[in-house]
Amino acid sequence: MTPIADGRAWDLTDLLGRPMGRITEASAKEFTIHPEGHALETMAGIEHGPFASLDAALAAIEKHTRGVCRRNPGEDQP
């Protein structure tokens, strides 16, 4: 996951660098998952939100995919 310049969206990529979608922040405590590309199949049936935090959205992805979803190194701040 990599933050986008506006600070209200994060690009999702898999470990091979393929785009998997985006998480957006519509307002405080409203984060939404927008799967794209390969993630449309991988995340079929996932709850898209809204989630109360970025971490809650990441946790939903991890639970659904049974994988690890993390920020890029050096990107510690949401």
Side-chain angles (χ1 to χ4, degrees):
M1 180 183 78
T2 305
I4 296 174
D6 70 1
R8 297 184 61 93
W10 295 262
D11 278 332
L12 300 169
T13 55
D14 68 10
L15 294 175
L16 298 175
R18 296 177 294 200
M20 301 296 281
R22 184 172 283 184
I23 296 175
T24 59
E25 181 182 13
S27 64
K29 298 186 179 184
E30 286 196 15
F31 293 82
T32 306
I33 299 168
H34 305 277
E36 296 174 4
H38 294 287
L40 290 173
E41 185 176 327
T42 304
M43 292 192 218
I46 192 172
E47 175 66 36
H48 291 248
F51 296 95
S53 69
L54 182 58
D55 286 335
L58 294 177
I61 294 170
E62 289 181 332
K63 182 178 179 181
H64 184 80
T65 63
R66 296 185 184 120
V68 175
C69 194
R70 59 183 175 223
R71 294 181 175 104
N72 276 349
E75 302 292 346
D76 295 335
Q77 299 299 317

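Since the structure is predicted, the reported quantities are computational estimates derived from the model, not experimental observations. We're numbering straight along the sequence, starting at 1.
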**Student:** For A56 versus A52, what's the shortest heavy-atom pair and its separation?
**Tutor:** CB-N, 4.4 Å

**Student:** Listing request: all salt bridge (charged side-chain N to carboxylate O under 4.0 Å, His left out) pairs with a residue in residues 45-56, at least two apart in sequence or in separate chains.
**Tutor:** D55-R71

**Student:** For residues 24-42, dump all side-chain donor-acceptor pairs below 3.5 Å to protein atoms at least two apart in sequence or in another chain.
**Tutor:**
unit_1	atom_1	unit_2	atom_2	d
T24	OG1	H34	NE2	2.8
T42	OG1	H38	O	3.2

**Student:** Which residue pairs satisfy the salt bridge (charged side-chain N to carboxylate O under 4.0 Å, His left out) criterion with at least one member in residues 10-22, sequence neighbours excluded?
**Tutor:** D11-R22, D14-R18

**Student:** Are any non-hydrogen side-chain atoms of L58 and I23 less than 4.5 angstrom apart?
**Tutor:** yes

**Student:** Starting at CD1 of I61, measure out to CE of M43 and round the result to the nearest 0.5 Å.
**Tutor:** 4.5 Å

**Student:** For residues W10 and P3, report the shortest heavy-atom separation together with the two atoms involved.
**Tutor:** CD1-CA, 3.4 Å

**Student:** For the residue pair L54 and M1, establish whether any side-chain heavy-atom pair is separated by less than 4.5 Å.
**Tutor:** yes

